[in-house]
Amino acid sequence: MEDATSSNPQSIGFTEKLKSWLSWSWTYICAVWFAMVLTMIYVLRSPLKLQDTLTSASVFLNTLTPKFYVALTGTSSLISGLILIFEWWYFRKYGTSFIEQVSVSHLRPLLGGVESSTTTGLFSSVNGEAEPRPSVSECKVWRNPLNLFRGAEYSRYTWVTGKEPLTYYDMNLSAQDHQTFFTGDTQQLKPEDTVMQKAWRERNPQARIRAAYQAIEMNHECAAAYVLLAEEEATTITEAERLFKQALRSGKREQRVQDQITTGKDINLLVYIKRRLAMCARKLGRIKEAVKMMRDLMKEFPLLGMLNIHENLLEALLELQAYADVQAVLAKYDDISLPKSATICYTSALLKARAVSEKFSPEAASRRGLSTAEMNAVEAIHRAVEFNPHVPKYLLEMKSLILPPEHILKRGDSEAVAYAFFHLQHWKRAEGALNLLHCTWEGTFHEVSVYPKKELPFFILFTAGLCSFTAMLAMLTHQFPELMGVFAKAFFSTLFAPLGFFADKMQSFMPSSFWHQLTRI
């Protein structure tokens with residue numbers, strides 16, 4: 001067994017080298033193959049009677065009427081128009097191009113364009129090991145640190161309205177997170193981990209729940225299965241908390257069997273369960289207990305800043321109205337070297353606005369000018385609005401709130417929804433804070449930023465241009481058939497002139513007897 005495991009990395013390294021060599025040589029192999037095909041066609045032009053075939057083809061094309069070319073260009077325009085309509089519909093529904101998605105998913109791996117990923121789990125490096133992780137500035141989509149429970153909270157919306165509160169894209173990201181962080185290395189999977197890995201990928205909630213019970217039948221101490229049941233089957237927060245406690249006990253018993261935490265999966269699972277237990281305590285009104293659990297978690301795993309547990313702590317402290325503790329947390333995490341968030345920026349603005357908002361009056365401020373504290377509050381609001389300009393409309397209830405997603409886009413509308421959903425009550429509790437926000441936030445921009453702006457995919461623009469170009473050709477061919485015929489002949493003669501020049505040069509360079517022997521072969 002040891003010999004097999006020791007030889008396995010060598011075979012994997014050889015395979016990776018072979019794949020990289022094939023990827024590197026793919027372009028050159030295609031170029032050589034294309035040159036060989038052209039050479040063989042030229043060499044075998046006499047046996048294949050290519051000259052006679054081209055002559056008959058040119059005669060046939062010359063006998064075609066302009067109506068044929070009108071029909072040809074019109075059909076091309078119609079087909080490209082249908083592709084354009086489908087691409088536009090797919091982009092509006094899924095936010096991406098169908099052709100681009102198929103190219104990236106299926107064609108790019110065949111061409112050797114798959115980038116090697118060195119991304120590790122969010123919960124790595126706890127034991128002090130130096131592991132590669134992506135740059136913070138490159139991360140666009142983040143896990144919502146205050147995401148709701150699917151079974152106990154999101155499902156209520158489905159029961160009442162019959163509609164799904166989460167998009168398939170959002171749920172797919174969550175499935176990828178759970179599959180990556182809770183099942184660990186595929187070479188060390190246990191049977192129940194294999195079942196759970198498939199469970200996270202299931203689209204049907206009932207199928208995921210059945211798979212979780214199947215994993216529990218295999219191993220009664222499968223903590224990941226209890227996590228899935230707590231997230232999706234539990235219909236109340238109390239029931240979810242009970243299942244999370246069962247998951248925590250199972251995880252700790254598994255650690256005692258192993259004597260130590262040996263994999264990143266154990267760390268990931270432990271941190272996730274403790275965090276969700278703290279969120280259960282917060283939702284059930286045991287706020288001080290939740291604050292203590294979050295502080296202990298941050299103290300036990302100090303390198304988990306990427307998880308944004310401090311945002312859960314800030315929300316709980318604001319509920320306790322422990323503003324001094326909130327300021328202490330902000331002083332630690334409101335750093336230029338750390339990633340910003342709407343929670344950090346707007347909580348800082350709330351604390352400064354709270355100090356002056358109760359006595360703030362726009363008329364009095366216009367007469368006497370702003371004081372130093374009022375100026376600091378206004379500047380904090382401006383900084384927050386510059387980071388995410390979508391938040392004020394939700395805080396001022398100019399836009400309707402919806403349930404927050406499980407993933408957010410930094411500085412985007414989804415982050416604004418997630419922040420306002422949990423923090424609107426804290427702004428309302430500070431008397432005059434929303435009034436100060438209303439009086440000052442529009443002065444930040446002449447027009448509120450629309451970041452992030454969604455650009456049209458390349459293939460939509462390409463199909464739109466192709467449809468317009470072929471439609472224009474059809475119209476011109478119908479109106480001016482003779483002139484378009486002359487133009488087409490001139491265009492194709494110019495297009496094939498380099499090929500004719502290359503063939504003449506090859507014929508003059510090689511001896512005629514050599515070509516004669518090749519044609520006889």
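FYI, side chains are in, hydrogens and waters are out, and symmetry mates aren't considered; it's all heavy atoms of this structure.
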task = Could I get the full list of side chain to side chain donor-acceptor pair (under 3.5 Å) partners for Asn376, not counting sequence neighbours?
result = none

key: Greater than 12 external heavy atoms within 6.0 Å of Lys283's NZ   = yes

key: Atom of Phe422, atom of Leu146 and distance for their closest heavy-atom approach   = CZ-O, 2.9 Å

query = Counting only heavy atoms not in Tyr169, do more than 12 fall under 6.0 Å of its OH?
reply = no

message = Checking Thr347 now: which residues fulfil side chain to side chain donor-acceptor pair (under 3.5 Å) with it, not counting sequence neighbours?
response = none

message = Can you tell me how far apart CG (Leu437) and CH2 (Trp427) are? Round to the nearest 0.5 Å.
response = 5.0 Å

query = What's the shortest heavy-atom distance between Val356 and Ala373, and which atoms?
reply = CG1-CB, 3.4 Å

task = State whether Glu386 and Lys340 are salt-bridged, where the test is any N-O pair (Lys NZ or Arg NE/NH1/NH2 against Asp/Glu carboxylate O) under 4.0 Å.
result = no

Distance-only check: which donor-acceptor pairs under 3.5 Å involve side-chain atoms of residues 312-321, not counting sequence neighbours?
from   : atom 1 : to     : atom 2 : distance (Å)
Asn312 : OD1    : Arg275 : NE     : 3.4
Asn312 : OD1    : Arg275 : NH2    : 2.8
Asn312 : ND2    : Pro145 : O      : 2.9
Glu315 : OE1    : Arg282 : NE     : 2.9
Glu315 : OE2    : Arg282 : NH2    : 2.9
Glu315 : OE2    : His426 : NE2    : 3.0
Glu319 : OE1    : Arg429 : NH2    : 3.4

message = Does atom CD1 (Ile402) have a neighbourhood of more than 12 heavy atoms from anything else shown, all under 6.0 Å?
response = no

Ala418 versus Pro404, closest heavy-atom pair with distance = CA-CB, 3.7 Å

request  = List in chain and number order the residues that pass salt bridge (Lys or Arg N to Asp or Glu O under 4.0 Å) with Lys288, two or more places apart in sequence or in another chain; answer none if no residue qualifies.
outcome  = none

Between CE on residue Met375 and NE2 on residue His382, distance to nearest 0.5 Å = 9.5 Å

N/O donor-acceptor pair under 3.5 Å between Glu406 side chain and Ser174 backbone = no

request  = Work out which heavy atom in Ile273 is nearest to a heavy atom in Ala223; give both atom names and the distance.
outcome  = CD1-CB, 4.5 Å

query = Which pairs with one or both residues in residues 224-244 pass side-chain hydrogen bond (donor to acceptor under 3.5 Å, both in side chains), sequence neighbours excluded?
reply = Arg150-Glu232, Arg208-Glu232, Tyr213-Glu233, Glu231-Tyr272, Glu231-Arg276, Glu241-Arg286

ask   = How would you list, by chain and number, every residue that makes a ring pair (Phe, Tyr, Trp, His ring centres under 6.0 Å) with Tyr419, sequence neighbours excluded?
value = Tyr346, His423

query = Could you state the interatomic distance from CG (Leu350) to SG (Cys345), rounded to the nearest 0.5 Å?
reply = 13.0 Å

remark   = Taken to the nearest 0.5 Å, the spacing of Thr343 OG1 from Ile408 CD1 works out to 7.0 Å

